[in-house]
Amino acid sequence: MNPKLKKERTAYKNTPIPPELQQMVRKELGTKKKNYRPYWMSAAIAAAIIALFVTLNTNASVARAMGGMPVVGHVFQAMTFQYEDEQYAADIKTPKVRDLENKDVEQTLNEKYEKEAKEQYTKFEQRMKALKGEGHASVTSDYRVLQDTKQLLVIERETTETEASSATTLQYDVVDPTLKQVITLPSLFKNKDYVQVISDEIKQQMKKQMADSKGEKVYFIKGMNSESTDGFDQIQANQSFYINKKHELVISFNEYEVAPGSMGPVKFVIPTKAIQSLLVSNQYIR
């Protein structure tokens, strides 16, 4: 056996099983009455629970073992946290990136994803304790790879938390695997003029969509009438964004930010001609 693999296998086998996980395993094996049931797609439920716990506690050897299956591209699923009973449910899927030329960027992204997964599940546990068996609550978190080419890697992460009502947030990471860098919104432009230009474009699109939809779409726009003292005025300098497959800039807002919750998160494609003179280059946006 490969010495490195043997070492990782030994470390995995010698990992101590915390008491709370032993209890979870006994419940799955039917030695105790089930009050709730974490469920896994793997047949080896007990081993999966232990592996997940260790992975979430950053045991590198187990993390590599779980992610060692053949995959295509730069992104694969590193871990899943799942829980379900009659009142509460959690399903948190975490991406992991690999084979980036800049290992610092790769490590930073993976550490961020793992940290967020832990925080989401911890928050979910705290909500269950606070509710004390009353009501219902859930959290789901998943990701989509919008682009994975030699030039651009774009990952969208979506989280929905539900209790009395639901709230959905979207986050994006835009990476250039070739030039070894994470792309930020300010890095695409020569100066800060893009903030006002993009904001004006978005407000025009908002007004047009409201007019065309005959009231089905509603946006909160500052100064739209004498009573609208609040509402959208300008994007943030580091506003959430991504670059689509047509090499267009897309600006994203989370649920409730600029529109009623019934509209969910909203996105605006910015015509390249509106920002062409402000771009550093057409390497990413064309």
Qualifying residue for side-chain hydrogen bond (donor to acceptor under 3.5 Å, both in side chains) with Gln205, from Lys207, Lys203, Glu201: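 Running side-chain hydrogen bond (donor to acceptor under 3.5 Å, both in side chains) over Lys207, Lys203, Glu201 with Gln205 returns exactly one hit, Glu201.
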Listed once per pair and sorted, the ring pair (Phe, Tyr, Trp, His ring centres under 6.0 Å) pairs that draw on residues 193-216, sequence neighbours left out: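 Sorted pair list: Phe189-Tyr194.
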All pairs passing ring pair (Phe, Tyr, Trp, His ring centres under 6.0 Å) where residues 99-119 contributes a residue, at least two apart: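 Those involving residues 99-119 do not exist here.
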Donor-acceptor contact below 3.5 Å, side chain Asp91 vs main chain Thr140: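 Checking the backbone N and O of Thr140 against the side chain of Asp91, no donor-acceptor pair under 3.5 Å is found.
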Flag the pair [X] / [Y] as yes when at least one side-chain heavy-atom distance between them is below 4.5 Å, and no otherwise.
{"X": "Val258", "Y": "Phe220", "result": "no"}
{"X": "Val154", "Y": "Asn244", "result": "no"}
{"X": "Val97", "Y": "Leu100", "result": "yes"}
{"X": "Ile155", "Y": "Val75", "result": "yes"}
{"X": "Leu170", "Y": "Asn254", "result": "yes"}
{"X": "Ile235", "Y": "Ile202", "result": "yes"}
{"X": "Tyr242", "Y": "Leu146", "result": "yes"}
{"X": "Ile92", "Y": "Thr159", "result": "no"}

Tyr284: ring pair (Phe, Tyr, Trp, His ring centres under 6.0 Å) partners, not counting sequence neighbours: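 Checked Tyr284 against ring pair (Phe, Tyr, Trp, His ring centres under 6.0 Å); zero matches.
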With Tyr143 via ring pair (Phe, Tyr, Trp, His ring centres under 6.0 Å) - residues at least two apart: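 Tyr143 satisfies ring pair (Phe, Tyr, Trp, His ring centres under 6.0 Å) with no other residue.
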Output field: ring centroids Tyr121/Phe81 closer than 6.0 Å: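 Yes.
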Pairs where residues 128-139 contributes a residue and the test side-chain hydrogen bond (donor to acceptor under 3.5 Å, both in side chains) is met, not counting sequence neighbours: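 Applying side-chain hydrogen bond (donor to acceptor under 3.5 Å, both in side chains) to every pair that reaches into residues 128-139, excluding sequence neighbours, yields nothing.
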Run the salt bridge (Lys or Arg N to Asp or Glu O under 4.0 Å) test against [X] and tell me which residues pass, sequence neighbours left out.
{"X": "Lys208", "answer": "Asp212"}
{"X": "Lys123", "answer": "Glu161"}
{"X": "Lys112", "answer": "Asp173"}
{"X": "Asp142", "answer": "none"}

Shortest non-hydrogen contact from Gly133 toward Gln87: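 The pair with the smallest heavy-atom distance is O-NE2, 2.5 Å.
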Heavy-atom pair of closest approach, residues Ala259 and Tyr219: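 The pair with the smallest heavy-atom distance is CB-CD2, 3.9 Å.
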Electrostatic pair Glu106-Arg98, nearest N-O below 4.0 angstrom: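 Salt bridge absent between Glu106 and Arg98.
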Which donor-acceptor pairs under 3.5 Å do the side chains of residues 267-283 make with protein atoms, sequence neighbours left out?
unit_1, atom_1, unit_2, atom_2, d
Lys267, NZ, Glu156, OE2, 3.1
Lys267, NZ, Tyr172, OH, 3.3
Thr272, OG1, Arg286, O, 2.6
Gln276, OE1, Asn282, ND2, 3.2
Gln276, NE2, Asn282, OD1, 3.1
Ser281, OG, Gln283, N, 3.3
Asn282, ND2, Ile285, O, 2.9

Any luck finding a side-chain donor-acceptor pair between [X] and [Y] under 3.5 Å?
{"X": "Gln196", "Y": "Asp200", "value": "yes"}
{"X": "Ser166", "Y": "Thr160", "value": "no"}
{"X": "Tyr83", "Y": "Asp85", "value": "yes"}
{"X": "Gln120", "Y": "Glu116", "value": "no"}

Phe232-Tyr256 co-clustered via ILVMFWY side chain contacts under 4.5 Å: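 No, it is not one cluster - the side chains of Phe232 and Tyr256 are not joined through contacts under 4.5 Å.
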Salt bridge (Lys or Arg N to Asp or Glu O under 4.0 Å) pairs, two or more places apart, involving residues 245-262: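 Checked against salt bridge (Lys or Arg N to Asp or Glu O under 4.0 Å) - neighbours excluded - no pair reaches residues 245-262.
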By side-chain hydrogen bond (donor to acceptor under 3.5 Å, both in side chains) - contacts of Asp99 (at least two apart):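 In terms of side-chain hydrogen bond (donor to acceptor under 3.5 Å, both in side chains), with neighbours along the sequence ignored, Asp99 is linked to no residue.
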